[in-house]
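Down below is the structure, laid out as structure tokens.
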Amino acid sequence: MSVKYIEDEKKFILETENSCYVMQILYGRFPVHLYYGAKTDLSGMNYVNPYKSFSPYFESYGTEYSPDVGMSEYSYFGCGDFRITPLRIQNKNGDSVTHFTYRSHRIFDGRREIDGLPFASADKSTQTLELTLEDSVSGCEMQLYYTVFEKENVISRYVRIENKSGSDVKIEKLMSLMLDLPSCEYDMISLYGAHNAERSFQRVPLFHGVQSVMSRRGASSHQYNPFIALCSKGAAERSGDVYGFNFVYSGDFLDEVEVDQTCGTRVQIGLGSENFTWLLESGQSFISPEAVMTYSSCGLGGMSSNFHRFVRKHILPPEPFERRPVVLNTWEACYFNIDEKEMLRFAKSAADAGIDMLVMDDGWFGARNNDRAGLGDWYANAEKFKNGLKSFADNVKAYGIKFGIWIEPEMVNPDSDLYRAHPDWCIQCRGRESMLSRNQLVLDMSNPKVLKYLKDSFAKAFDGVGIDYFKWDMNRHMSQVGSPALAPERQGETSYRYMLGVYDLYRWFAEHFPDAMIENCSGGGGRYDLGMMKYSTQIWTSDNTWPKKRMKIQYSSTLAYPTCVMSCHVSNPKNICENPDELRYRWHVALNGALGYEMHLPNASDAIKSTVKEQVEKYREYEHLILKGEFHRILSPFDSNYYAYYFTDSDYAEFLLSFEQSYGESPVRLALALPEADIGAMYRDTVSGQVFEGSALAKGITVKTSERDPYSVMWHFVKEK
Ligand code: DGJ
């Protein structure tokens, strides 16, 4: 049982393998928070209310309970808690004040599903606590959900509101997760960035006041990832307390943290309020997206390992093929200059190199000869593909490889047949000029007619073609957010309804093309989030394929997401790199995730072609570790000139260790330790042929840094029988 209720103390205990979460119903009415952290002795754990002057209290309970200072399970705008609020509902009286109190609870196996949204799937050990609360003045009922993923040390949170008031109410803010912690002695980790520079690592001490990261771009964004962590001051890779948080959603979000007057910390994860309101008619209910949290006493590595196992088991779709295909993608080599003849040269060169799939990127459809036209017109360009897509795909497959194709369903160019026929099918505010970005507008995915058009077009274009893979791109953010299909009082729902439409289309693709996998992309990793991971086997990590920058992006991506999601290409855009050593460095850096290539392979030199072939063969020896093994970071490229990490299997019989140096330097010696190595065993490095004692690996293998630029080393240790 991972959820327990102690009736005489009115306490709920949520337990995972290595963590524990405790709450209590104070005075039979107020759900207050007691503890979240490592397993500990719970006897005598009681609510503390460090009352301060100026804090409101109810006359009947006195200063023993003030929502302003104690730790709550959830809080309400205007109810005497002056900290950041997770909930604001404008009721029939016109004010937005609520105060919900406990009515009942239910503990059940599995979880409650969230209609229309991605959510973590339950397994046999998953249990859920449902707390039902009510607010008689607003006439609303609320359920707080806590779903416990025991083995992965993750607890997820989501909230349901039902309007029983007899009149309409407006939800103005509804956060999925609120957590009060008794201390503020934490650093906050967040991942900021930009296009081409996603997920830069930032660690700063919490300060008194509110600190937040958010997106109001209609996508989780390159600029801030929804993942954040709070860690104790000295927390490192393998030591220290770390709380990690994330959001199973791909649109606008808000992660906010406040350090309050009691030196406590409140964390909230959810939709935020800038691009979200929801008109809830009487008798209707609304359920928030799911947020997740984990705790580890084993540092950042412990947190990552919890999240990696959770995402693999409860978020990602099943692997579509027996083995993940190594792809040859055409974008950086060809841009829009593609046609059947050229693509078949790519297909042949891919097959010759042992690559599994040709991915034909942008440029194959409508009048798409550049980025100014064609988006929305989903039929093969007849000049480029004279015999149609099916005949072309058959010719690709005749080389014995798979066939993947690029799409950008959510967008339209003003220069397209679709836009000319339906200018009102775009996101737009009545009376305002819509702005372009990459010459495109955003389709109104909240409009069912748009979804129907897209499903019909894609079915017509792809049915029977035998497509094995879709690269689903999204290349602009939303401005002037509004929907011509929604009434004025529902305009604040546009951004959220847009995401419901996007997820609906993702599910349609999965059902309509059950044999194909989806790689998600948003100008690189602009939607690198748990919502997209629910439907995408992998995500294009970044358009930045320059290894020295890429290694930083990859390092930070591993904090919250498993490496099997990370699509990593060896890129050599104009075949500038003719040096196999340099290509080896690019390959080493790409071995952090699922391998692919982005180069003009047909025109490459024989030396490069045979290097690629060798690399693909070698990758086959390692891919079980990279895609399915445990992952551990050793050195951070944000702290130094190096990135070092390793993969290992569950028996610690194999280790793939990687050391990557950004720039040449005056050499120093570093020790890279593999603490899980069996100290009584011998390990052979299949790269150098050398044999090492397990105890030496556990202590640390020495690497000498190099004056050379670029420089990297890999070891593949296999335990001797
Ligand atoms: C942005 C993607 O990140 C690229 O890989 C490529 O697919 C282009 N879009 C195509 O327009």
Side-chain angles (χ1 to χ4, degrees), residues 193-199 217 219-223 250 325-339 342-343 346 357-378 380-381 384 403-413 415-416 436-443 467 469-477 517-529 532 536-547 549-550 553-554 557 565-574 586 590 593-601:
H195 174 235
N196 260 323
E198 296 90 335
R199 294 177 292 288
R217 293 167 173 270
S220 52
S221 88
H222 311 77
Q223 286 70 15
S250 314
V326 174
V327 307
L328 175 62
N329 178 293
T330 59
W331 177 246
E332 290 185 11
C334 304
Y335 296 109
F336 298 98
N337 303 322
I338 58 174
D339 61 20
E342 183 71 343
M343 290 298 92
F346 270 73
M357 186 189 286
L358 171 74
V359 174
M360 178 164 72
D361 211 284
D362 201 348
W364 61 269
F365 54 91
R368 189 74 169 167
N369 297 314
N370 49 53
D371 64 14
R372 292 190 296 281
L375 284 175
D377 299 341
W378 297 108
N381 180 299
K384 297 179 184 178
F403 174 52
I405 200 162
W406 180 95
I407 51 174
E408 192 176 0
E410 301 155 65
M411 299 292 153
V412 63
N413 286 117
D415 185 0
S416 67
L436 293 176
S437 179
R438 205 196 189 202
N439 302 303
Q440 61 199 52
L441 296 166
V442 185
L443 282 176
I467 292 179
Y469 159 117
F470 294 102
K471 177 176 171 186
W472 181 316
D473 208 343
M474 193 265 195
N475 282 302
R476 71 156 289 182
H477 292 148
M517 72 177 253
I518 297 177
E519 169 159 329
N520 170 263
C521 171
S522 173
R527 281 201 302 205
Y528 206 93
D529 60 66
M532 284 297 148
S536 326
T537 303
Q538 57 191 43
I539 299 188
W540 180 224
T541 312
S542 175
D543 275 349
N544 192 335
T545 48
W546 189 38
K549 294 283 180 203
R550 230 336 164 99
I553 298 170
Q554 293 176 182
S557 303
V565 181
M566 194 155 64
S567 176
C568 301
H569 292 181
V570 175
S571 106
N572 187 11
K574 297 281 165 235
R586 295 177 189 206
L595 183 66
Y597 286 83
E598 194 124 359
M599 61 170 66
H600 204 303
L601 199 53

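As the structure lists them, so they are numbered: ligands from 1, and atoms in each ligand from 1. Sequential numbering from 1 along the given sequence is applied to the chain's residues.
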### Nearest-0.5 Å distance that lies between atom CD in Glu410 and atom OG in Ser522
8.0 Å
### Task
Quick one: look up the protein heavy atom nearest atom 3 (O) of ligand 1 and list residue, atom name and how far away it is.
Asp543 OD1, 2.4 Å
### Task
State the atoms of ligand 1, each with its element, that fall below the 4.0 Å cut-off from a heavy-atom position in Trp540.
3 (O), 5 (O)
### Task
Could you list which atoms of ligand 1 come closer than 4.0 Å to a heavy atom of Gly524?
3 (O)
### Task
Of the side chain and backbone of Glu598, name the one, both, or neither that has a heavy atom under 4.0 Å from an atom of ligand 1.
neither
## Note on the structure
Quick note on ligand 1: atoms under 4.0 Å from a heavy atom of Trp331 include exactly 4 (C), 5 (O), 6 (C), 8 (C), 10 (C), 11 (O)
### Nearest neighbour in protein (non-hydrogen) for atom 1 (C) of ligand 1
Asp473 OD2, 3.1 Å
### Summary
Among non-hydrogen protein atoms, atom 11 (O) of ligand 1 lies closest to Asp362 OD2, 2.7 Å
### Query
How about His477 and Ser221: do any of their side-chain heavy atoms sit closer than 4.5 Å?
yes
### Message
At less than 4.0 angstrom from any non-hydrogen atom of Lys471, what atoms of ligand 1 do you find?
### Response
4 (C), 5 (O), 6 (C), 7 (O)
#### Entry: Candidate list Arg372, Gln440, Arg438, Arg368, test side chain to side chain donor-acceptor pair (under 3.5 Å), partner Asn413, passing option
Arg368
#### Entry: Side-chain donor or acceptor of Trp378 paired with backbone N/O of Pro409 under 3.5 Å
no
### Task
Select one of side chain, backbone, both or neither to describe which atoms of Asn475 lie under 4.0 Å from any atom of ligand 1, heavy atoms only.
side chain
### Query
Which value, rounded to the nearest 0.5 Å, describes the distance between Phe346 atom CZ and Leu328 atom CG?
6.0 Å
### Summary
For Cys521, the ligand 1 atoms with a heavy-atom partner under 4.0 Å come out as 2 (C), 3 (O)
### Identity and separation of the nearest protein heavy atom to atom 6 (C) of ligand 1
Asp361 OD1, 3.4 Å
#### Entry: Between OG1 on residue Thr330 and CD on residue Glu598, distance to nearest 0.5 Å
7.5 Å
### Message
Against ligand 1, does Arg368 come closer than 4.0 Å with any heavy atom?
### Response
no
#### Entry: Pairwise distance CG(Asn329) to OG1(Thr545) - rounded to 0.5 angstrom
10.5 Å
### Message
Side chains of Arg199 and Thr541, heavy atoms from C-beta outward: is any pair under 4.5 Å?
### Response
yes
